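First comes the structure, then the notes that go with it.
Each ligand, and each atom within it, is numbered from 1 in the order the structure gives. Because the structure is a prediction, the values reported are computed rather than measured.
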Amino acid sequence: MKILVTGGAGYVGSVCAEVLLERGHGVVVLDNLSEGHRRAVPAGAAFVEGDLADRQGLDRLFASHRFDAVMHFAALALVEESVRKPGAYLVANVANSIHLLDAMLRHDVGQFIFSSTAAIYGEPEVVPIPEEHRTAPINPYGRTKLAFERILEDCRISAGLCYASLRYFNAAGATPERGEDHRQETHIIPILLQVALGQRPHFEIRGTNYATPDGTCIRDYVHVLDIAEAHVLALDHLERISGWVFNVGSNRGHSVLEALEAARRMTRRSIPAVAAGRRAGDPPVLVASSQKIERELGWRPQYSGLDAIVESAWAWKQKFPQGYEVSPQAAG
Ligand code: UFG
């Protein structure tokens with residue numbers, strides 16, 4: 001199949017592009033490089049630098065390729081930033097996504113896989129969280145993703161769109177060539193590894209008085225390759241599952257302190273840590289029930305597990321200590 005991958009220069013999108021190419025699909029990456037990196041785009045993919053706000057550019061793109069499906073990763077995805085800049089999140093995650101949907105439907109491309117998020121559940125009433133759990137996001141990021149899930153459902157009903165929404169929990173880990181490299185890094189595992197390499201003086205434990213066993217937040221870390229596999233499976237089964245949502249998580253939660261210990265163990269470096277205040281918009285616990293995706297798509301996490309995730313991220317970090325902007329050779 002020929003697949004348009006928006007945000008394919010970003011973390012999850014670039015790994016999915018890599019896996020799609022390995023499976024013999026044709027891939028065109030569309031990315032504005034605001035968060036992504038040109039070097040993250042796999043060599044076998046065609047690259048188009050462009051923005052979803054550019055409706056004419058989207059028209060040209062769909063007119064010049066005969067896409068079978070779209071995988072939509074391009075988004076703003078930082079919880080705390082979304083609390084400070086809700087308007088930017090509405091534009092990027094809702095308005096621009098509508099432009100994409102509009103262009104693809106006008107060009108008769110009817111298959112779509114959406115990168116949704118665990119953030120749409122808010123503070124869970126039941127853990128592990130099943131897909132039918134009520135949705136009550138506690139930050140603008142989660143609200144924008146939920147709004148677009150609803151728009152997709154309207155398009156399924158009114159325009160026959162065939163889609164699935166994949167609600168990722170905490171994407172983490174790396175492949176040998178692709179890893180997590182955000183210009184402003186806020187994610188726990190890359191920050192822990194920056195401290196391990198001496199690029200930051202210490203790790204801040206953001207909140208130590210949550211109602212969890214050790215007082216720190218609990219998250220469900222899922223390897224980015226397992227997320228990519230979920231996309232491949234969803235595409236394979238899309239007609240049967242159109243309109244469905246799936247959690248993509250490992251069913252297991254780890255606290256911030258456990259992640260810190262895993263990073264110390266796997267890197268064998270000292271990682272100094274200090275207690276710090278809570279981050280705005282952080283739910284205390286997010287752990288997926290993965291029963292539905294296992295039952296319906298036969299998905300099993302192959303690479304997830306905190307130690308394996310940290311190990312793969314550490315291997316990538318040692319190869320790309322400054323991230324993508326400096327090549328491994330140049331980094332010496
Ligand atoms: N944390 C720290 N110190 C840090 C960084 C993070 O203690 O320096 C903590 C956070 O407070 C949180 C946990 O580590 O409890 C994980 O934080 P991340 O920033 O790595 O991930 P989030 O859980 O905030 O965000 C992820 C995805 C979002 C998604 C969200 C669901 O990045 O896209 O999960 O809430 F929406």
What do the steps show when you test E177 against K319 for salt bridge (charged side-chain N to carboxylate O under 4.0 Å, His left out), and what is the final call? CA-CA 9 Å; E177 295 304 324; K319 195 166 171 187; 2.7 Å; yes

Would you mind running through ligand 1 and noting each atom that sits below 4.0 Å from a heavy atom of A77? 28 (C), 33 (O)

Can you tell me which residue and heavy atom of the protein come closest to atom 26 (C) of ligand 1, and the distance to 0.1 Å? N170 ND2, 3.5 Å

So is T117 polar-close to ligand 1, meaning N/O to N/O under 3.5 Å? no

Counting only heavy atoms, tell me which of Y221, Y210, F203, F169 gets closest to atom 4 (C) of ligand 1. F203

Return the residue, atom name and 0.1 Å-rounded distance of the protein heavy atom closest to atom 7 (O) of ligand 1. R206 N, 2.9 Å

Here the gap from L20 atom CG to H231 atom NE2, rounded to the nearest 0.5 Å, amounts to 8.5 Å

Can you confirm whether more than 12 heavy atoms, excluding those of R134, are under 6.0 Å from its CZ atom? yes

Number the atoms of ligand 1 from 1 as they appear, then name those within less than 4.0 Å of a heavy atom of E204, with their elements. 2 (C), 3 (N), 4 (C), 7 (O), 8 (O)

Which atoms from ligand 1 have a heavy atom of I205 less than 4.0 Å away? 7 (O)

What atoms in ligand 1 come closer than 4.0 Å to a heavy atom of D282? 10 (C), 11 (O), 12 (C), 15 (O), 24 (O)

What are the atoms of ligand 1, with element, lying closer than 4.0 Å to any heavy atom of C217? 15 (O)

Region of R219 engaging ligand 1 - heavy atom pairs below 4.0 Å: side chain

Assert yes or no for the condition that the ring centre distance of F114 to Y163 is strictly below 6.0 Å. no

At a 4.0 Å threshold, what atoms of ligand 1 neighbour a non-hydrogen atom of A119? 31 (C), 35 (O), 36 (F)

Once you round to the nearest 0.5 Å, how far does CG of N247 lie from CZ of F169? 4.0 Å

Between CZ on residue R240 and CD on residue E296, distance to nearest 0.5 Å: 5.5 Å

Which of the listed options, E185, R279, R278, holds the heavy atom that is closest to atom 17 (O) of ligand 1? R279

With distance as the sole criterion, is a donor-acceptor pair present between the side chains of H65 and K2 under 3.5 Å? yes

Just wondering, are more than 12 heavy atoms of other shown residues or ligands nearer than 6.0 Å to CZ in R268? no

Near Y141, which atoms of ligand 1 are under 4.0 Å from a heavy atom of that residue? 28 (C), 29 (C), 33 (O), 36 (F)

Given L286, I188, T212, which has its nearest heavy atom closest to atom 14 (O) of ligand 1? I188

